[in-house]
Amino acid sequence: MVETLISFAPRHTERAVGGTTVLELRGEIDILTAAPLGARLDDLTAVVLPDLVLDLRAVSFVDCAGLGMLCRARNRVMERHGRLRLVTDSNQFLRILRGAGLDGVFEMYDHLPEALAAVLGGVLTASVG
């Protein structure tokens with residue numbers, strides 16, 4: 001009998017741009033992948049003033065577990081007076097947010113440079129160079 005091990009961890013890359021952590025996510029964020037990704041987001045949001053950008057442009061699917069993971073990350077960031085920005089150009093994802101009553105809950109951008117250069121309270125939080 002041959003046993004095949006399958007990893008359900010979502011594919012992502014992580015990098016720092018100034019004081020901002022950027023996670024570029026790929027594939028599906030669903031019941032199988034939300035837990036490992038959520039654990040990483042818990043680590044990143046455990047600090048004071050977390051500053052995260054989640055680039056979702058290469059995400060092909062998000063289910064309710066994925067939405068729950070995003071909401072948890074947002075709540076943890078807000079509790080620590082930080083920022084969470086989502087980058088997506090997917091009308092389907094935006095429609096899902098609206099259907100779930102989450103439109104306007106997240107700070108949203110179409111492009112990564114816009115999210116990184118976003119001004120909060122008149123102070124430039126990061127620059128792209």
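Throughout, residue positions are numbered sequentially from 1 according to the sequence presented. Basis for what follows: all heavy atoms, side chains included, without hydrogens, waters or symmetry-related copies.
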Kindly give the heavy-atom pair with the smallest separation between [X] and [Y], and that separation in Å.
X	Y	result
Ala65	Ala34	O-CB, 3.7 Å
Gly66	Ile29	CA-CG2, 3.5 Å
Tyr109	Ala118	OH-CB, 3.0 Å
Asp42	Arg76	O-NH2, 2.9 Å

For Arg74, which residues count as a salt bridge (Lys or Arg N to Asp or Glu O under 4.0 Å) partner, sequence neighbours excluded? none

Short question: side chain of [X], backbone of [Y] - any donor-acceptor pair under 3.5 Å?
X	Y	result
Asp63	Ile31	yes
Arg83	Pro50	no
Arg80	Thr45	yes

Please list, chain by chain and in numerical order, all residues satisfying side chain to side chain contact (heavy atoms under 4.5 Å, CB included) with Arg95, sequence neighbours excluded.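 So Arg95 forms a side chain to side chain contact (heavy atoms under 4.5 Å, CB included) with Gln92, Arg98.
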
Counting C-beta onward and ignoring hydrogens, is there a side-chain heavy-atom pair between [X] and [Y] closer than 4.5 Å?
X	Y	answer
Leu37	Leu25	yes
Leu102	Cys71	yes
Thr88	Val59	no

Using 0.5 Å steps for rounding, measure from the [atom1] atom of [X] to the [atom2] atom of [Y].
X	Y	atom1	atom2	answer
Phe61	Phe93	CZ	CZ	12.0 Å
Asp30	Ser60	CG	OG	9.0 Å
Arg11	Glu28	CZ	CD	9.0 Å
Leu54	His12	CG	NE2	10.0 Å
Met69	Leu41	CE	CG	5.5 Å
Leu56	Arg26	CG	CZ	12.0 Å

Cluster question for you: counting only ILVMFWY and a side-chain heavy-atom cut-off of under 4.5 Å, with indirect links fine, are Leu86 and Val105 together?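 Yes; Val105 is reachable from Leu86 via cluster members.
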
Dump the intermediate steps for side-chain contact (heavy atoms from CB on, under 4.5 Å) on Val87 and Asp110, then the final yes or no. CA-CA 5 Å; Val87 178; Asp110 293 331; over 6 Å; no

Determine the sole option in Thr13, Leu52, Val17 for which the side-chain contact (heavy atoms from CB on, under 4.5 Å) test with Val22 is passed. Val17

List the steps, then state whether side-chain contact (heavy atoms from CB on, under 4.5 Å) holds for Leu67 with Ile96. CA-CA 9 Å; Leu67 290 178; Ile96 290 169; 3.7 Å; yes

Answer yes when Glu24 and Arg57 have at least one side-chain N-carboxylate O distance shorter than 4.0 Å, and no when they do not. no

Verdict with reasoning, Leu23 to Leu44, per side-chain contact (heavy atoms from CB on, under 4.5 Å): CA-CA 10 Å; Leu23 266 70; Leu44 293 170; 3.4 Å; yes

Just grab all the salt bridge (charged side-chain N to carboxylate O under 4.0 Å, His left out) pairs involving residues 31-41, residues at least two apart or on different chains. Glu14-Arg40, Arg40-Asp43

Leu116 and Thr20: CA distance, side-chain angles, deciding distance, side-chain contact (heavy atoms from CB on, under 4.5 Å) verdict: CA-CA 8 Å; Leu116 290 171; Thr20 303; 4.0 Å; yes

